[in-house]
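All ligand and atom numbering here is 1-based and tracks the order in the structure. Computation of the quantities below employed the complete heavy-atom set of this structure, encompassing side-chain atoms and omitting hydrogens, waters and symmetry-equivalent molecules. This structure is a prediction, so every number in the text was calculated from the model and none was measured.
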Amino acid sequence: MSLGIPTCSADDDPDAMYAKLDAAGCVVVHDVARPDQVAAARTELVDHMASARVADDKPTAFYPGLTRRVVALMHRSPTVRELMMHPVTEALGDRHLGQNCSKWTLNVTAALEVGPGARDQILHREEDLYPYFPLPRPNLILASMWAMSDFTADNGGTQLVPGSHRWDADRSAAPDEVVRAEMPAGSVLYWLGGTLHGAGANSTPEDWRYGIILTYNLGWLRQEENQHVSIPLADVLALPDAMRSRLGFDMDYENSLGFYDRSVLALHPAEVSASSS
Ligand SMILES: O=C(O)CCC(=O)C(=O)O
């Protein structure tokens, strides 16, 4: 029997919010993105989504057929950049990832649509990227799914297995342990890197479920989406320090990981050939 997905409101006490996330491995937070932010992100990404390839329907493929995705959102959407460091995410990230690193970073960005007829995605853990740790793994990843449209049990709402972040490797989910995230646009589903999840099947005739996934990892791990080449350097240099740091263009001051010479980072392309010759 599923434990269910706890819910909160964006202005709830962050410790109480994190306690729910830590206990269930997932939590839905309501009223995080404003309606104007949802509308702006959708507008900024509309052409990219329209030209994205709809996945073919191969029964064993990781990405189910009738879904489409666009990545590199730090480059493509100034509004998603703003949402990327939302205070709710900052509070949950500090509490979860901050236990195991002095800096945590943006891991993956993607806008994801699940179209009518799409099947359930295979259940997986975000932390399967790092198979060298036995399950249950230490805290490595925090994931978030921003609802750009209403998520329902029928239109592709994310499947989750609450409690599975504490399971050993030999336990798999029974059907009645899987629950689908239902939330109105503007809400955010947060889940831990060890929680089994996947996109839900869409049995509606014409409703495309639209979400933006942003995941974060420990600053000393490799980022799954290479943020260093997913946004032009000129844009990186114009970002506020905190945002540039979250993207991973910064050193982890505790142990010097990622050290660099700022004067090289700031070189204009025309200066690069001169300085390297
Ligand atoms: O779209 C979703 O609800 C989840 C997507 C996901 O888990 C993935 O693409 O890895």
When the side chains of residues 257-266 are checked against the rest of the protein, which donor-acceptor pairs come out under 3.5 Å, sequence neighbours left out?
from: D261; atom 1: OD1; to: S263; atom 2: N; distance (Å): 2.9
from: D261; atom 1: OD1; to: S263; atom 2: OG; distance (Å): 2.7

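Side chains of T109 and M74 form a contact here, defined as non-hydrogen atoms less than 4.5 Å apart.
Checking each of L73, V38, V70 against I212 for a side chain to side chain contact (heavy atoms under 4.5 Å, CB included) leaves exactly one that passes, namely L73.
Cluster partners of L160, by chain and number: I5, V28, L112, M145, F151, V179, M183, L189, W191, I213. The rule joins Ile, Leu, Val, Met, Phe, Trp and Tyr whenever side-chain heavy atoms lie under 4.5 Å apart.
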May I have a table of the N/O to N/O pairs between ligand 1 and the protein that fall below 3.5 Å, each row giving the two atom names and the distance to 0.1 Å?
from: ligand 1; atom 1: 1 (O); to: R209; atom 2: NH1; distance (Å): 3.3
from: ligand 1; atom 1: 1 (O); to: R209; atom 2: NH2; distance (Å): 3.0
from: ligand 1; atom 1: 3 (O); to: T158; atom 2: OG1; distance (Å): 2.6
from: ligand 1; atom 1: 3 (O); to: R209; atom 2: NH1; distance (Å): 2.7
from: ligand 1; atom 1: 7 (O); to: Q121; atom 2: OE1; distance (Å): 3.4
from: ligand 1; atom 1: 7 (O); to: H124; atom 2: NE2; distance (Å): 3.2
from: ligand 1; atom 1: 7 (O); to: H197; atom 2: NE2; distance (Å): 3.0
from: ligand 1; atom 1: 9 (O); to: R69; atom 2: NH2; distance (Å): 2.7
from: ligand 1; atom 1: 10 (O); to: H124; atom 2: NE2; distance (Å): 3.0

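At distances below 3.5 Å, at least one donor-acceptor pair connects side-chain atoms of D12 with backbone N or O atoms of S9.
Scanning for side chain to side chain donor-acceptor pair (under 3.5 Å) contacts around Q227 gives E225, with sequence neighbours left out.
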